[in-house]
Amino acid sequence: MKFNLKKYENLYFALKNKKVIIGMIIFTFFLLLGLIGPYIAKYDPLEYAGPGYMPPNKEFWLGTNIFGHDLFTQLVYGLRSSYFVGFFGGTLATIIGLFVGFLSGYKGKWVDESLMMITNIMLVIPTLAVLIIISAYLSFRGMVFESIIIGLTNWPWTARAVRSLTMSIKNKDFVNLSRISALPTRKIILQDIASNMFSYIFMVYILQFGGAILSAVTLDFIGLGPTKGISLGLIMQVARDWNAIQLGMWWWAIIPGLVITLLVTSLYFINTGLDEVFNPKLREM
């Protein structure tokens, strides 16, 4: 069977794009580290592993903190938490944003006005303040609940963007033909509108994934993260509370922050690289 290059055009250019490749390598590396790391770690995240204040060495690859916890173990479990929040919170925010954006842009009139009023209210209200207030009044906070809260507050910008694109597509001839054929609204939105926005939706999801991770790190760092478990933000928060930098324990505070920076940067590279792939005018030839 002859290979149809045109059919796999986007994949072809994605595999040639340096930003996509670099971003995927970093993202996949940390994903595998989060998945495999706990099975090769010698200790539990909050278990006493050895003397405190130990810098990275052969026994403790990333050193130990003031309590004698193995920081490599905490890092790999923290990566699991970050990917979980990114997937769960990012997926929820994307689904809500797409639902509101598609429905508002396609239906118009009072449906559009009502949904956009809610969206604008959510945009005006400081998201971080809402997250802080909700988290502060909860005696128990788990990773799932944190992800849900992030997902329920991060969707408005997606809804507005999708609404604008939907309004520009809904009057196309092929959409009008489906409307005349009496196809249900759900099918028109999915088959005619969403299918023509797949590349944008995919990039939106990447941004929501990274945004959810950063929101979780912010909550964790200020002490409003999960009350049980471990995350990269919680590692940094404990390091700050116990003056890790002042005590010369740079590995305790800097390494988790560096991992978060690399992870979010990898998502940025993937997103900008895919923008060049999906937009022929921006492709690197």
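All values below come from the heavy atoms of this structure, side chains included, with hydrogens, waters and symmetry mates left out.
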Original post:
For the side chain of Asn243 and the backbone of Gln246, is there at least one donor-acceptor N/O pair under 3.5 Å apart?
Top reply: no
Subject >> Heavy-atom check, side chain of Phe269 versus side chain of Asn17, under 4.5 Å >> reply: no
**OP:** May I ask you to check whether Ser178 and Gln191 show a side-chain donor-acceptor distance below 3.5 Å?
**Re:** no
Subject >> Thr185 side chain to Tyr106 side chain, donor-acceptor N/O pair below 3.5 angstrom >> reply: no
Original post:
Do Ile245 and Ile254 touch side chain to side chain, with heavy atoms closer than 4.5 Å?
Top reply: yes
Original post:
Quick one: CD1 on Ile96 to CE on Met122, what's the gap to the nearest 0.5 Å?
Top reply: 8.5 Å
Original post:
After noting the C-alpha distance and the side-chain angles of Thr91 and Tyr205, does the key distance pass the side-chain hydrogen bond (donor to acceptor under 3.5 Å, both in side chains) rule?
Top reply: CA-CA 7 Å; Thr91 300; Tyr205 179 70; 3.0 Å; yes
**OP:** Report yes if the side chains of Val100 and Met116 come closer than 4.5 Å at any heavy-atom pair, otherwise no.
**Re:** yes
**OP:** For Trp252 and Trp242, run side-chain contact (heavy atoms from CB on, under 4.5 Å): C-alpha distance rounded to whole Å, both residues' side-chain angles, the deciding distance at 0.1 Å, then the answer.
**Re:** CA-CA 10 Å; Trp252 189 5; Trp242 289 88; 3.9 Å; yes
**OP:** Start with the C-alpha distance between Leu71 and Ile255, add both sets of side-chain angles, then the distance that settles side-chain contact (heavy atoms from CB on, under 4.5 Å), and finish with yes or no.
**Re:** CA-CA 9 Å; Leu71 288 175; Ile255 292 178; over 6 Å; no
Subject >> CG-CD1 distance between Leu79 and Ile36, expressed to the nearest 0.5 angstrom >> reply: 12.0 Å
**OP:** Please assess Thr119 against Trp155 for the test side-chain contact (heavy atoms from CB on, under 4.5 Å), listing each intermediate value before the final yes or no.
**Re:** CA-CA 9 Å; Thr119 303; Trp155 59 267; 3.4 Å; yes
Original post:
Atom CZ in Phe67, atom OH in Tyr48: separation rounded to 0.5 Å?
Top reply: 13.0 Å
**OP:** Measure the CZ-OG distance between Arg160 and Ser104 for me, rounded to the nearest 0.5 Å.
**Re:** 9.5 Å
Original post:
Does some side-chain heavy atom of Leu92 sit less than 4.5 Å from a side-chain heavy atom of Leu152?
Top reply: yes
Original post:
Does NZ or CZ of Arg240 lie under 6.0 Å from the centre of the six-membered ring of Phe221, at an angle within 45° of the ring axis?
Top reply: yes
Subject >> Under 3.5 Å donor-acceptor, Ser114 side chain and Val111 backbone >> reply: no
Original post:
Between Asp192 and Lys170, is the closest basic N to carboxylate O distance under 4.0 Å?
Top reply: no
Original post:
Under 3.5 Å, side chain of Glu47 to main-chain N/O of His69, donor-acceptor pair present?
Top reply: no
**OP:** Please test Asp220 against Gln237 for side-chain contact (heavy atoms from CB on, under 4.5 Å), starting from the C-alpha separation and ending with a verdict.
**Re:** CA-CA 7 Å; Asp220 298 346; Gln237 185 240 333; 5.8 Å; no
Original post:
Is there a donor-acceptor contact under 3.5 Å from the side chain of Asn176 to the main chain of Asn171?
Top reply: yes
**OP:** For the residue pair Leu214 and Val264, establish whether any side-chain heavy-atom pair is separated by less than 4.5 Å.
**Re:** yes
**OP:** Measure up the Phe202 and Phe198 rings against each other and bin them: parallel (under 30°), tilted (30 to 60°), perpendicular (over 60°).
**Re:** parallel
**OP:** Could you state whether Leu62 and Tyr43 fall into the same hydrophobic cluster, counting links through intermediate Ile, Leu, Val, Met, Phe, Trp or Tyr residues with side-chain heavy atoms under 4.5 angstrom apart?
**Re:** no
Original post:
Is there a donor-acceptor pair under 3.5 Å between the side chain of Thr28 and the backbone N or O of Ile25?
Top reply: no
Original post:
Linking I/L/V/M/F/W/Y whenever their side-chain heavy atoms sit closer than 4.5 Å, directly or via other members, would Leu258 and Ile26 fall into one cluster?
Top reply: yes
**OP:** Only one of Phe60, Trp61, Trp251 passes ring-ring contact (aromatic ring centres under 6.0 Å, His included) with Phe72; say which it is.
**Re:** Trp61
**OP:** Please tell me if the side chains of Leu274 and Ile206 come closer than 4.5 Å, counting only heavy atoms from C-beta onward.
**Re:** yes
Subject >> Non-hydrogen side-chain atoms of Glu146 and Phe84 separated by less than 4.5 Å >> reply: no
Original post:
Are side-chain heavy atoms of Leu46 and Gln74 found at a separation under 4.5 Å?
Top reply: yes
